[in-house]
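Step one of this worksheet: look at the structure below.
Here the structure is a predicted model, which means the values were calculated and not measured. Counting starts at 1 for both ligands and their atoms, following the listed order.
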Amino acid sequence: MGAVASDIQTQISAIGRELLAGARTKWSASDWLLGLMTRDETARLNALRFVDVLPALTDDASVVSHMKEYFGDEGLPIPIPGIGGGLGRFALGLAGGGIGAKVMAGAVRTAVGTMARRFIAGETVDEVTTKLASMKKEGLDFTLDLLGETTISEAEADDYQKKYDDILLSFTKKLAAWKEPSKLKLAIKLSSLCSQMAAVDEDRSVEMLKVRLRLILQHAREVNAEITFDMEAYNYKNITLRVFKELLLEPAFKDWPDAGIAMQAYLRDTPADVEAMIAFAQSRGTPILVRLVRGAYWDYETVIARQNGWPIPVWSKKEETDASYEHCLRLLLAAYPAVRTAAATHNVRSMAVAMAAAQAAGLSPDKMEFQMLYGMADEVKTSLVKQGQSVVVYTPFGDLLPGMSYFVRRLLENTASQSFLRMAGMEKVDETELLKAPGPLAGGIVMAQQKGFVNETPRRFTAPAERRAFAAAIEQVRASLGRKVPLLIAGKNIETVTENSTDPAKPSRVVGQISVGTPDHASAAIAAAEAAFDAWSSKTAAERAAILKSAADKMAARRDQLSAWQIFETAKPWREADADVCEAIDFLRFYADEALRLSNEQNLDRAGESNAYRYEPRGVGVVIGPWNFPLAIITGMVAAAIVTGNTVVLKPAPQSPVNASLLVEILTEAGLPPGVLNFLPGNDGVGEALVADPRVAFVAFTGSEAVGKAINAAGALVHPGQTHIKRIIAEMGGKNAIIIDDDADLDEAVAGVVESAFGYAGQKCSACSRVIIVGNAYEDVVKRIAAAAASIKVGLPEEPGTIVSPVIDAEAQSRIRNAIDAGKKTARLVLERTGPEHGIPTEGSFVGPTVFADVPPTSPLFQEEIFGPVLAITRANTFDEALTLANATRFALTGGLFSRSPNHLALARKKFRVGNLYLNRKITGAIVAHQPFGGFKMSGVGSKAGGLDYLLQFTEPRCVTENIIRRGFSPDVE
Ligand code: NAD
């Protein structure tokens, strides 16, 4: 360290020590919750989860039962009124219900409410203004933050805008009436003003946000208030930065000096973003405020990146975030007056750095500010004020229920083992340690490590380069539409009479000219597969697996183009198409690995005998696929069949032959010998001929229940000359339910339902088509689901933000419409979107999102697969009733539960009988190797795709036993 640097270090230490002196937070008995949360990790987790669910519990018995579930009979040490602030422990075992429950629930609500109010300034304008006035007396300024629910519909976004307007009106009036009038400062969350914000559709998100924000900024300007944009999850970062900059360059705001933005030091992007922001402020010519925070969603960002295999956007170590914070602070302070810095931190070292850097830049204390949260480290605020610094208190207010997630974040922050507050307050960590300089800022990209099988990484559409590449691939494919698709039999392309495969969004657009096979071709294809069988089945598993791996690499290399073909031929929106291609790649790699695992002959020897157990191919297989996952599903079935040594005839769905031909092309390029995979586009009759052929050993089918049953029946017939029973693997339909429990997080439940029900217009076998709501919130939840469904984008699949694209063809459209019309006779229609006034394009086979409530459980709406964007909602009085309703169908594919009751979650694991059960998340989007996929009952026969048993279905297990005793001598006796 050089002399200058060491001088600064000494100065920082001196300032820090002064701030710390007398400012160490004292934890009192009333901090029972913080005490509990720092006891151990289990206690911390349970306490957090309990606090999170508490406001949703409307009756006393439910509060008591949740306490029991989270803390057992030991109970919860909470302050009991009347015993002098001391701690009491309710014996939960004794308080079954009635008066006991009432007293206990009341005491718990009061105790948690008291804690929450430490961090939340109040619920009403008057309550908050009183608090602000007393802060003012202590020399503290403030910026308001309105707590709220997650915005999941445009109606809710409108409400928010109104609320912001109300705040601007009511508070400015109050503040103007003070003896020393005060300027209103307001923080705004962009996510509250747009329910459709999505990184994949940055342009539209930016435009939608600007519409509402313009009005708010205009209003703020009129009443002379200051507005700061909060920064939220990484997904929204670029959108937030863009909206801020673009609005501030508009003539109405170009010379407005009262706008600010928060930037998060924990993001690796932030140092560069800060430099760009400074350059922006300088070129704009009117100052801006930058509030530098560390960032509140570290766990979330890390986990999401890990789940998807994306680069981790946050610094891995706290020390790195500290270094980034100090680096950005210095950049910002040096940019005065173009930028006014708000150092938002509770870390005394960071404060000392800010003060030292401000001094070095020649700034007097009024040229910057500190921001600290309401209710946190109050002694430090006083210390700063004493030193002549301006301190702005970030002051959240609003209803306690939506405020709980804010409160939980504060609890987390206060109790995290690396939190400065915890170290300074509870752990009493030594001053030198607290004020130590962090190491240098590390650079580079850190990739997330995935456990187990590594899935193909979905596109991260927050990255502009990935979006651009994807859009370019769509244009490339658009230019080559009309692709000729011949049959492939014994390695030879055969052209026949063609039919067009068309675009569901523009039926006049020809995506491919498809040669259509006949039953004669079916017979020839089976003969070709039969001829290729000996050579192919004699290859080693390693040789076959290598071809799959090579095909996977080829697919990965043309990923975006493959997605684009899905967009045109099957109307898959961007994210869905990308996910399908990733899944196809995963199937190739996973089954290659699996085939190698199974190829090891198992030695089951016993004394005097060798017993060798191994798997052999079954013979010629037929693969019949659906159109709704046009690449992934056929890739999975074909890959499993061929990697285990079988040969195959593939018949794709008539709606998606071009996509299927791409799989054939890639496998051929990867070196698959002629005849191993024969390709036979054609209608249902060709499928029937294939299934009936006596030379076929097995059929792998995915599609509807009706066809699955027909194939099972046809496959069971033994034809003359047939010497075996055919193995039928059939994945079929579903009527999948999500239960929303009475204690569920409704923001998450509604979002999960809407995504599961309407993504790709509900045309996924896993899609949610039934919702069962427990308890009193029924009407509210129905309304929120309908409002959210009314807000999602219905549009062309090539537009990145589209969620509901057209259904596959006109036939499907009229079938779905008929189901809707019939439904109107039995249930209450709460949402139907038709016509351009509801955003539905006139061309293409569109069906808008449709929601029914009060659906009778025996009605077709509740029982039959509609395979479109139609949702049936019904009510259950109890959780048990909900489970019974969920199970009361002939299907058993996917299901979901949103609940915060550990007992109900456990019960669902046991009793919610579906192949894939999802707890507290959406029910679509299974991931190969992690969520093996498939159902039972009328949803399918066979084991799960992407799972450990899948390949076994394509094999015949054999056991060879040899007696190794000859003339009394056995080589295995030592
Ligand atoms: P579909 O059953 O209409 O067609 C599937 C395939 O079967 C097509 O290739 C079709 O030509 C062929 N076919 C039709 N009749 C045949 C017959 N008699 N003999 C042989 N083949 C015949 O299904 P679809 O519309 O393509 O796909 C949607 C259905 O698939 C939905 O029911 C959905 O739930 C289901 N699905 C299930 C899963 C799963 O994993 N369980 C996955 C995707 C789709």
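By the side chain to side chain donor-acceptor pair (under 3.5 Å) test, T894 pairs with N736, sequence neighbours left out. Q307 pairs by the side chain to side chain donor-acceptor pair (under 3.5 Å) definition with nothing, not counting sequence neighbours.
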| Evaluation steps, side-chain contact (heavy atoms from CB on, under 4.5 Å), between E576 and Q763 | CA-CA 11 Å; E576 310 276 0; Q763 301 172 106; over 6 Å; no
| task | Report the C-alpha separation of Y918 and T924 in whole Å, then their side-chain angles, then the decisive distance to 0.1 Å, and conclude whether the side-chain contact (heavy atoms from CB on, under 4.5 Å) test is met. | result | CA-CA 9 Å; Y918 297 92; T924 52; over 6 Å; no
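The ring pair (Phe, Tyr, Trp, His ring centres under 6.0 Å) contacts involving residues 695-718 comprise F698-F954, where partners must be two or more places apart or lie in separate chains.
In this structure, K572 forms a cation-pi arrangement with Y760, its terminal cationic atom sitting closer than 6.0 Å to the ring centre and no more than 45° off the ring axis.
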Between the protein and ligand 1, which nitrogen or oxygen pairs come in under 3.5 Å, and how far apart is each?
residue, atom, partner, partner atom, Å
ligand 1, 2 (O), S704, N, 2.7
ligand 1, 2 (O), S704, OG, 2.6
ligand 1, 9 (O), G625, O, 2.8
ligand 1, 9 (O), K651, NZ, 3.3
ligand 1, 11 (O), K651, NZ, 2.8
ligand 1, 11 (O), D684, OD1, 2.9
ligand 1, 23 (O), S704, N, 3.4
ligand 1, 25 (O), W627, NE1, 2.9
ligand 1, 26 (O), W627, NE1, 3.2
ligand 1, 30 (O), G703, O, 3.2
ligand 1, 32 (O), E865, OE1, 2.6
ligand 1, 34 (O), E865, OE2, 2.7
ligand 1, 41 (N), M732, N, 3.4
ligand 1, 41 (N), M732, O, 2.7

